[in-house]
Amino acid sequence: MIRESLTAAIGSALDAMGLEPRPDVHLERPARREHGDWSTNVALASKGIHGRNPREFAADLVAQLESQNVAHVDSLEIAGPGFVNFRLADTWLFDVLVDVIDAGDTYGKPDIGAGRKVLVEFVSSNPTGPLHAGHARGAIYGDALSRLFEATGHDVTREFYINDRGVQMQNFAASLSAMRAGESVPADGYAGPYVAKWAAEMPADADPFEWGYERCLGYIDETLRRLGVTFDSWFSERSMVGGGSIEEALTDLRERGVVVEAEGALWLRSTDFGDDKDRVLVKSDGEFTYITPDIAYHRNKYARGFSLLINVFGADHHGYVTRLRAAVEALGHDPDELEVRITQMVRLERDGEEVKIGKRSGVFIELADLIDEVGADATRFTYLLQGIDSQQTVDLAAMAARSMENPVYYVQMAHARACSILRKESAEGFRRPALADADLTLLSDARELDVLRAISEMNDVMILAVRDRAPHKVITWLRELAAAFHGFFHDCYVFGNDTSPEVTTARLWLVEASRSTLASGLGIVGVSAPEEL
RNA sequence: GCCCUCGUAGCUCAGGGGAUAGAGCAGUGGCCUCCGGAGCCAUGAGCGCAGGUUCGAAUCCUGCCGAGGGCGCCA
């Protein structure tokens with residue numbers, strides 16, 4: 001690949017110049033085409049090593065590179081304070097096309113993980129009611145991140161932690177019972193319409209706790225599946241109570257001397273590990289606080305041999321992060337292996353009016369309703385448009401629109417158009433020569449080359465997206481690729497009246513490569529790639 | 001009061017310490033004998049404020065202002 005060959009060429013040029021120690025070489029795609037196809041700032045960045053004027057150093061570097069006759073490189077120039085810009089022949093883009101066709105679905109997916117075991121915990125909502133729209137961001141982000149890890153060679157486990165023990169579950173069961181008996185729900189109970197609906201379904205002899213638990217979790221799973229989100233593992237909090245692992249965690253903490261008894265309670269000395277106050281583990285009434293099973297849960301995660309733990313939390317739980325990290329550190333684990341990603345809130349609008357979400361607000365939008373209204377693909381794509389660090393505002397009508405202004409439709413349309421051209425190829429009975437026999441140099445239109453340039457960026461985008469845990473970078477790139485393809489589609493007819501068979505052949509291979517890359521990219525974010533819309 | 005995230009074009013948002021900060025929508029103006037005009041092209045407008053680090057800052061650091069969220073022996 002071109003990045004590797006250019007990096008290697010610069011490296012050996014630096015060696016030939018006797019630069020010690022050899023600096024890291026950063027190659028980038030300049031924002032402006034006038035600055036060439038590729039650019040390196042190494043003459044600037046290594047000023048501390050060579051101590052020379054960066055432009056003079058760059059001149060020597062260019063001379064070295066020119067003597068190497070690097071493949072595809074047309075010309076080199078020094079620009080600005082000391083950048084070295086590479087201007088490449090279009091032939092490098094034809095290699096990209098060949099790479100895509102050869103690699104198929106594996107194109108642009110670097111093996112960064114080398115099988116590294118990653119646990120992604122997300123959603124983990126209480127099994128006391130349906131998922132609502134507020135859960136969508138975490139669900140979609142967690143799943144897309146998992147897909148991104150998988151696509152880059154990681155061994156991913158998606159896990160849902162079930163808080164199936166404690167006061168909330170008891171309130172929920174009590175509410176079901178009361179509703180079933182025609183009584184009003186307890187003061188701290190659940191009163192949403194779904195409770196009445198489920199209570200009516202509940203058999204008279206059912207245990208409301210167990211029945212409600214199954215009913216609710218089944219519905220959560222069903223809703224998530226409709227979004228294309230499936231979990232490999234459902235981890236029950238109750239399972240730890242029966243198995244004694246909470247007690248083991250407490251014993252472990254005691255032996256490590258990081259707990260203290262005071263005021264009738266057992267406290268974790270979390271201030272020793274960066275927390276701003278110590279936390280109660282066992283209340284004076286003998287009950288655990290909510291953090292105690294969680295400590296045991298995370299102790300279990302480490303014990304299962306994952307080398308990276310990722311927790312996706314909503315912004316309303318961010319205050320919990322410090323004490324959780326303090327707790328795992330108190331257990332002697334490396335807190336750097338635990339990464340907590342916080343998703344900021346999403347404001348849903350309809351006609352400019354905020355649509356309220358929240359179980360207790362009366363008019364909450366169930367996630368299932370959202371999927372009904374806009375569809376799984378549009379929901380996923382829209383929620384992934386932006387990074388999770390920013391609060392997001394989305395309009396339901398815009399999300400559901402079946403027009404090119406809707407980014408999900410725009411990208412899927414590019415794929416569908418590619419498919420329509422390939423269908424036309426069959427319909428016309430066109431006999432396309434093998435790729436090796438195609439003359440790709442006929443792809444000389446700026447539109448054609450722009451498509452190849454966009455395709456060529458996939459590998460770099462994947463590296464950055466997984467490094468930054470940022471699936472939205474894949475989305476941004478997909479939109480650019482789709483834009484390039486639409487431009488090509490508009491200006492370069494594959495079966496035009498005055499298109500020669502040779503040009504048709506080259507363009508068909510370009511269409512094939514585009515279709516493959518679009519489908520692959522959509523797969524990484526979990527959005528379908530229909531052949532027709 | 002303390003902690004977290006954010007502040008970029010009229011709106012929704014991209015932006016890897018690099019060169020003249022990008023895209024969509026909205027606005028204005030162009031372009032339809034042919035693969036889907038559900039489109040394509042052009043055009044105006046912007047880094048909250050003030051310092052600092054650096055050859056170079058939207059990006060890193062500090063302070064201020066503004067928005068959202070969080071600070072329990074609740075989960």
Side-chain angles (χ1 to χ4, degrees), chain A residues 26 28-32 34-35 39 41 44-45 47-48 53-54 79-83 85 126 128 163 165-169 171 188 263-267 276-277 279-291 293-294 314-323 342-345 347 349 352 382 385-395 398 401-407 409-410 413 416-418 420-425 427-428 447 460-461 463-464 467-468 472-473 475-477 479-480 483 486-499 504 507-508 511 532-533:
Chain A
H26 292 283
E28 58 185 34
R29 314 288 291 262
R32 312 186 64 84
E34 308 92 86
H35 296 140
S39 174
N41 67 350
L44 288 159
K47 193 186 172 195
N53 176 299
F83 293 103
N85 296 338
N126 285 340
T128 55
N163 293 104
R165 177 196 149 275
V167 186
Q168 300 297 330
M169 275 299 291
N171 289 345
D188 295 330
E263 302 164 50
L266 185 70
W267 301 68
D276 55 357
K277 61 179 73 166
R279 305 289 169 176
V280 172
L281 296 173
V282 183
K283 296 190 263 185
S284 47
D285 65 1
E287 292 289 317
F288 302 133
T289 63
Y290 60 89
I291 197 176
D294 236 19
D316 53 342
H317 285 89
H318 91 260
Y320 187 57
V321 176
T322 306
R323 72 195 73 162
I342 303 292
T343 61
Q344 295 297 320
M345 308 212 132
R347 175 186 162 100
E349 291 183 348
T382 306
L385 283 171
Q386 277 100 52
I388 54 164
D389 287 343
S390 301
Q391 290 172 26
Q392 191 180 16
T393 303
V394 295
D395 184 271
R402 295 180 61 75
S403 71
M404 295 284 251
E405 282 99 60
N406 188 345
Y409 196 87
Y410 187 80
M413 187 65 186
R417 280 181 158 172
S420 112
I421 294 171
L422 297 172
R423 278 196 301 274
K424 188 172 175 78
E425 177 187 20
E428 302 251 322
R447 297 294 208 172
D460 287 354
V461 167
I463 290 169
L464 292 172
R467 185 198 68 183
D468 296 342
H472 78 274
K473 289 179 191 247
I475 295 279
T476 302
W477 164 76
R479 297 174 71 181
E480 289 167 2
H486 286 306
F488 159 76
F489 180 87
H490 188 266
D491 284 1
C492 303
Y493 281 82
V494 177
F495 291 100
N497 292 340
D498 37 274
T499 308
T504 294
R507 287 181 175 169
L508 279 171
V511 170
E532 298 178 74
L533 288 176

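- Among all heavy-atom pairs drawn from A:Trp267 and A:Glu263, the shortest one is CZ2-OE2, 4.1 Å.
- The nucleotide whose nearest atom lies closest to any side-chain atom of A:Arg279 is, among B:G39, B:G72, B:A75, B:G72.
- Residue-level contact check: A:Ile388 touches neither bases nor backbone, having no heavy atom under 4.0 Å from any strand.
- The separation of B:U5 from B:G17, taken at their C1' atoms, amounts to 22 Å, rounded to a whole angstrom.
- Counting only heavy atoms from C-beta on, A:Gln391 has its side chain closest to B:G68 among B:G68, B:U5, B:A14.
- Interface remark: the A:His486 side chain does not form any donor-acceptor pair with the B:G39 base, using a distance-only criterion of under 3.5 Å.
- Using N1 to N3 plus N6-O4 or O6-N4 for Watson-Crick, or N1-O2 and O6-N3 for G-U wobble, each under 3.5 Å, B:C47 pairs with nothing.
- Under 4.0 Å is where a charged nitrogen must lie from a carboxylate oxygen, and between A:Glu287 and A:Lys283 no such pair does.
- Between A:Lys47 and the phosphate of B:U54, there is no side-chain N or O to OP1/OP2 separation shorter than 4.0 Å.
- The residue A:Glu263 sits close to a base: some heavy atom pair falls under 4.0 Å.
- Contact annotation for A:Gly496: base contact, defined as any heavy-atom pair under 4.0 Å involving a base atom.
- Residue A:Arg402 is classed as a base contact, given a heavy-atom separation below 4.0 Å to a base.
- Between A:Lys283 and B:G72 there is no side-chain N or O to OP1 or OP2 distance below 4.0 Å.
- The nucleotide B:G37 finds no pairing partner, because no Watson-Crick or G-U wobble arrangement with both distances shorter than 3.5 Å includes it.
- Counting only distance, with no hydrogens or angles, the side chain of A:Asp395 and the backbone of A:Ala398 share a donor-acceptor pair below 3.5 Å.
- The side chain of A:Tyr493 has B:C34 as its nearest neighbour among B:C34, B:G16, B:A75.
- The residue A:Asn85 sits close to a base: some heavy atom pair falls under 4.0 Å.
- Note on A:Lys277: every side-chain N or O is 4.0 Å or more away from OP1 and OP2 of B:C2.
- Distance A:His317 NE2 to B:G70 C1': 10 Å, rounded to the nearest Å.
- A:Ala79 comes within 4.0 angstrom of a nucleotide base, judged by non-hydrogen atoms across all strands.
- Remark: the A:Ser39 side chain and the B:A19 base include a donor-acceptor N/O pair separated by less than 3.5 Å.
- For the pair A:Arg32 and A:Met413, nearest-nucleotide mapping onto RNA chain B gives the more 5' position to A:Arg32.
- Residue whose closest nucleotide on RNA chain B sits further toward the 5' end, between A:Tyr409 and A:Asn163: A:Tyr409.
- A straight line from CG of A:Asp498 to P of B:C34 spans 13 Å, rounded to a whole angstrom.
- Here the separation of B:A57 from B:G68, taken at their P atoms, is 33 Å to the nearest Å.
- Nucleotides B:U59 and B:G51 place their P atoms 14 Å apart, quoted to the nearest Å.
- Pairing of B:U20, defined by two Watson-Crick or G-U wobble distances under 3.5 Å, is not identified with any nucleotide.
- Among all heavy-atom pairs drawn from A:Pro30 and A:Ser39, the shortest one is CG-CB, 3.6 Å.
- Side chain A:His490 to base B:G39: a donor-acceptor pair is found below 3.5 Å.
- The base of B:G18 sits within donor-acceptor range of the side chain of A:Asn41, with an N or O pair under 3.5 Å.
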- Task: Given side-chain hydrogen bond (donor to acceptor under 3.5 Å, both in side chains), test A:Tyr290 with A:Asn163 step by step and report yes or no.
- Result: CA-CA 9 Å; A:Tyr290 60 89; A:Asn163 293 104; over 6 Å; no
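- Using a 5.5 Å limit on the distance between ring centres and a 30° limit on the angle between planes, the aromatic ring of A:His318 does not count as stacked on the six-membered base ring of B:G70.
- The interatomic distance linking A:His26 (NE2) with B:U59 (P) rounds to 19 Å, in whole Å.
- Nucleotides B:A45 and B:C25, compared at atom C1', are 15 Å apart to the nearest Å.
- Annotation: B:C13 and B:C47 have their C1' atoms spaced 14 Å apart (nearest Å).
- Residue A:Arg29 contributes atom CZ, which lies 17 Å from atom P of B:G15 at whole-angstrom precision.
- Here A:Thr393 reaches the OP1 or OP2 of B:C13: one of its side-chain N or O atoms lies under 4.0 Å away.
- One donor-acceptor pair, N or O on each side, does fall under 3.5 Å between the base of B:C73 and the side chain of A:Ser284.
- Candidate nucleotides B:C73, B:A19, B:C41 were compared by shortest atom distance to the side chain of A:Arg447, and B:C41 ranks first.
- Residue contacts for A:Gly314: at a heavy-atom cut-off of 4.0 Å it reaches no nucleic acid atom on any strand shown.
- When the P atom is compared between B:U54 and B:G15, the two are found 28 Å apart, to the nearest whole Å.
- Nearest nucleotide to the side chain of A:Asp460, out of B:C13, B:C35, B:G16: B:G16.
- Remark: A:Arg417 is in phosphate contact with B:G37, judged by side-chain N or O atoms under 4.0 Å from OP1 or OP2.
- Looking at the side chain of A:Asp389, the nearest of the listed nucleotides B:A14, B:U33, B:U5 is B:U5.
- Judged by distance alone, the side chain of A:Thr289 and the main-chain N or O of A:Val280 form a donor-acceptor pair under 3.5 Å.
- Listed candidates were B:A75, B:C6, B:G37. Nearest to the side chain of A:Phe489 is B:G37.
- If you check B:A75, B:G69, B:C40 against the side chain of A:Met345, the one that comes closest is B:G69.
- Checked for salt-bridge contact, A:Arg347 and A:Glu349 meet the test: a charged N lies under 4.0 Å from a carboxylate O.
- Using the Watson-Crick or G-U wobble rule with both distances under 3.5 Å, B:U53 pairs with nothing in any strand shown.
- When both distances must be under 3.5 Å, the Watson-Crick or G-U wobble mate of B:C2 is B:G70.
- B:C64 and B:C3 have their P atoms separated by 10 Å, with the value rounded to a whole Å.
- Here the nucleotide nearest the side chain of A:Glu405, chosen from B:C74, B:A19, B:G39, is B:G39.
- As rounded to whole Å, 15 Å separates atom C1' of B:G15 from atom CG of A:Leu385.
- Look at B:C25: its Watson-Crick or wobble partner, with both distances under 3.5 angstrom, is B:G10.
- Nucleotides B:G56 and B:G10 have their P atoms positioned 30 Å apart, rounded to a whole Å.
- Taking atom CG of residue A:Leu508 and atom P of nucleotide B:C35, one finds them 15 Å apart after rounding to whole Å.
- Taking atom OH of A:Tyr410 as the reference point, atom P of B:G39 lies 9 Å away to the nearest angstrom.
- Between the A:His318 side chain and the A:Gln344 main chain, no donor and acceptor come within less than 3.5 Å of each other.
- If you check the side chains of A:Asp498 and A:Tyr493, you find no donor sitting under 3.5 Å from an acceptor.
- As rounded to whole Å, 9 Å separates atom C1' of B:C13 from atom NE2 of A:His472.
- Checking B:C73, B:A19, B:C35 against every side-chain atom of A:Val494, the shortest atom distance belongs to B:C35.
- Looking at every heavy atom in both residues, A:Leu533 comes nearest to A:Ala416 through CG-CB, 4.2 Å.
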